[in-house]
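So you know, we letter chains A, B, ... as the sequences are listed, proteins then strands, and number each from 1.
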Number of protein chains: 2
Amino acid sequence: MSKMTNDKNLKSLDEFIDEQYGKRGTKKREIFEEGYEEFKLGFLIRQARLEKGMTQEELAEKVGTNKGYISKVENNIKDVRISTLQKIIKKGFDGELELAIRI
Amino acid sequence: MSKMTNDKNLKSLDEFIDEQYGKRGTKKREIFEEGYEEFKLGFLIRQARLEKGMTQEELAEKVGTNKGYISKVENNIKDVRISTLQKIIKKGFDGELELAIRI
DNA sequence: TTTGAAGTTGCATTATCGGGCAACTTATTT
DNA sequence: AAATAAGTTGCCCGATAATGCAACTTCAAA
């Protein structure tokens with residue numbers, strides 16, 4: 001992740017996370033990271049939507065769902081299926097979902 | 001996708017797909033690609049499992065499910081949830097799921 | 001050929017997703 | 001301050017994932 005520090009009194013996001021949740025490998029950090037992954041997916045969808053200059057209602061219409069559902073996905077209230085994620089990205093953004101397993 | 005052609009009478013996978021299903025952008029190709037994405041996910045999971053030298057039963061035990069379910073996921077009988085995919089990759093392989101949206 | 005390991009498939013049950021809707025809250029515009 | 005736009009949340013219901021199990025098929029070893 002790129003550093004966002006441009007003032008010596010500010011910290012990068014990674015530094016902040018290290019301080020607040022401990023270094024990688026610590027139990028506290030692992031618990032945080034699980035929630036962070038969920039946060040990240042919703043965040044990625046919201047970011048893509050805003051980049052396309054769309055409201056939740058507009059995205060919902062393109063995808064064939066409703067804005068309440070989009071809100072829940074972006075806020076990680078819903079644990080979506082792969083096929084639903086595909087649909088949001090393809091129909092909503094004309095984009096591609098990229099999946100990889102790193103072991 | 002890397003070419004696998006090492007005999008002049010063989011075709012790369014991409015060439016084969018172009019011949020059988022048409023070039024990208026054609027309707028026939030789009031229908032194929034949707035199924036291919038699903039196939040690919042199951043294939044990636046199976047590949048990771050074999051790389052770890054595990055049986056479906058061993059993977060199921062680590063993840064906390066059963067081998068029948070692992071078989072279904074690998075063969076894409078099931079449209080899994082993101083959280084289930086995460087669990088398989090983290091608990092089963094000690095790996096990471098990498099997700100990206102390309103627009 | 002027989003046996004055992006590994007994988008597949010069907011079915012019942014339980015839990016939860018997704019669609020839909022509307023009431024609500026928050027943000028923005030007038 | 002009021003009106004409008006955008007976003008959030010709860011609930012119902014039908015559809016489907018996940019769990020569990022066992023019977024079955026295929027593959028590998030003896």
For this session: Ignoring backbone atoms, establish whether A:R49 has a side-chain N or O less than 4.0 Å from OP1 or OP2 of D:dA6.
Result: no
Exercise. Is any side-chain nitrogen or oxygen of A:N75 closer than 4.0 Å to OP1 or OP2 of D:dG7?
Worked result: no
For this session: Calculate the interatomic distance between A:R81 atom CZ and D:dT16 atom P; express it in whole Å.
Result: 7 Å
For this session: Considering just the side-chain nitrogens and oxygens of A:T84, establish if one lies under 4.0 Å of OP1 or OP2 belonging to C:dG18.
Result: yes
Problem set entry | Residues in side-chain hydrogen bond (donor to acceptor under 3.5 Å, both in side chains) contact with B:E98, at least two apart in sequence or another chain | A:R102
Exercise. Hey, is the main chain of B:T55 close enough, under 3.5 Å, to the side chain of B:E58 for a donor-acceptor pair?
Worked result: yes
Exercise. Are any non-hydrogen side-chain atoms of A:I45 and A:L85 less than 4.5 angstrom apart?
Worked result: yes
For this session: Taking the side chain as every heavy atom from C-beta outward, state whether A:V80 and A:Y69 have any pair of such atoms under 4.5 Å apart.
Result: yes
For this session: Please round to 10 degrees the angle between the axis of the first five pairs and the axis of the last five pairs in the helix from C:dT1-D:dA30 to C:dT30-D:dA1.
Result: 50°
Exercise. Do B:M54 and B:R49 have side chains that get closer than 4.5 Å, going by heavy atoms?
Worked result: yes
For this session: Give a yes/no answer on whether the side chain of A:R46 brings an N or O atom under 4.0 Å of OP1 or OP2 in D:dT8.
Result: yes
Exercise. Do A:K72 side-chain and C:dG19 base share a donor-acceptor contact under 3.5 Å?
Worked result: no
Problem set entry | Nucleotide nearest A:Q56 when distance is taken to its side chain, options C:dT16, C:dT9, D:dT8 | D:dT8
Exercise. Within a strict 4.5 Å, meaning less than it, do heavy atoms of the B:R46 and B:N75 side chains meet?
Worked result: yes
For this session: Return the value, rounded to whole Å, for the distance between atom CD of B:E57 and atom P of D:dC27.
Result: 19 Å
Exercise. What is the distance from CG of A:N76 to P of C:dG18, rounded to the nearest Å?
Worked result: 13 Å
Exercise. Expressed in angstrom and rounded to an integer, what is the separation of B:I77 atom CD1 from C:dT9 atom P?
Worked result: 5 Å
Seminar exercise, completed: Atom CD of B:Q86 and atom P of D:dA17 are separated, to the nearest Å, by 19 Å
For this session: Could you tell me the separation between the NZ atom of B:K78 and the C1' atom of D:dG20, rounded to a whole number of Å?
Result: 12 Å
Problem set entry | Sub-4.5 Å side-chain heavy-atom contact between B:Q47 and A:I101 | no
For this session: Please list residues of residues 59-71 of chain A whose heavy atoms come under 4.0 Å from any atom in DNA chain D, ordered by number; otherwise none.
Result: A:K67, A:G68, A:S71
Problem set entry | A:K87 side-chain proximity, nearest of D:dA17, C:dT8, C:dG19 | C:dG19
Exercise. Taking atom CD of B:Q86 and atom CG of B:L97, what is their separation to the nearest 0.5 Å?
Worked result: 5.0 Å
For this session: Could you walk me through whether A:K62 and A:K91 pass the side-chain contact (heavy atoms from CB on, under 4.5 Å) test, one step at a time?
Result: CA-CA 6 Å; A:K62 284 194 83 179; A:K91 287 186 163 186; 5.6 Å; no
For this session: Rounded to the nearest angstrom, tell me the gap between atom CD1 in A:I88 and atom C1' in C:dG18.
Result: 10 Å
For this session: Please tell me if the side chains of B:I103 and A:D94 come closer than 4.5 Å, counting only heavy atoms from C-beta onward.
Result: no
Problem set entry | Gap between atoms CD1 and C1', on A:I82 and C:dG18 respectively (whole Å) | 16 Å
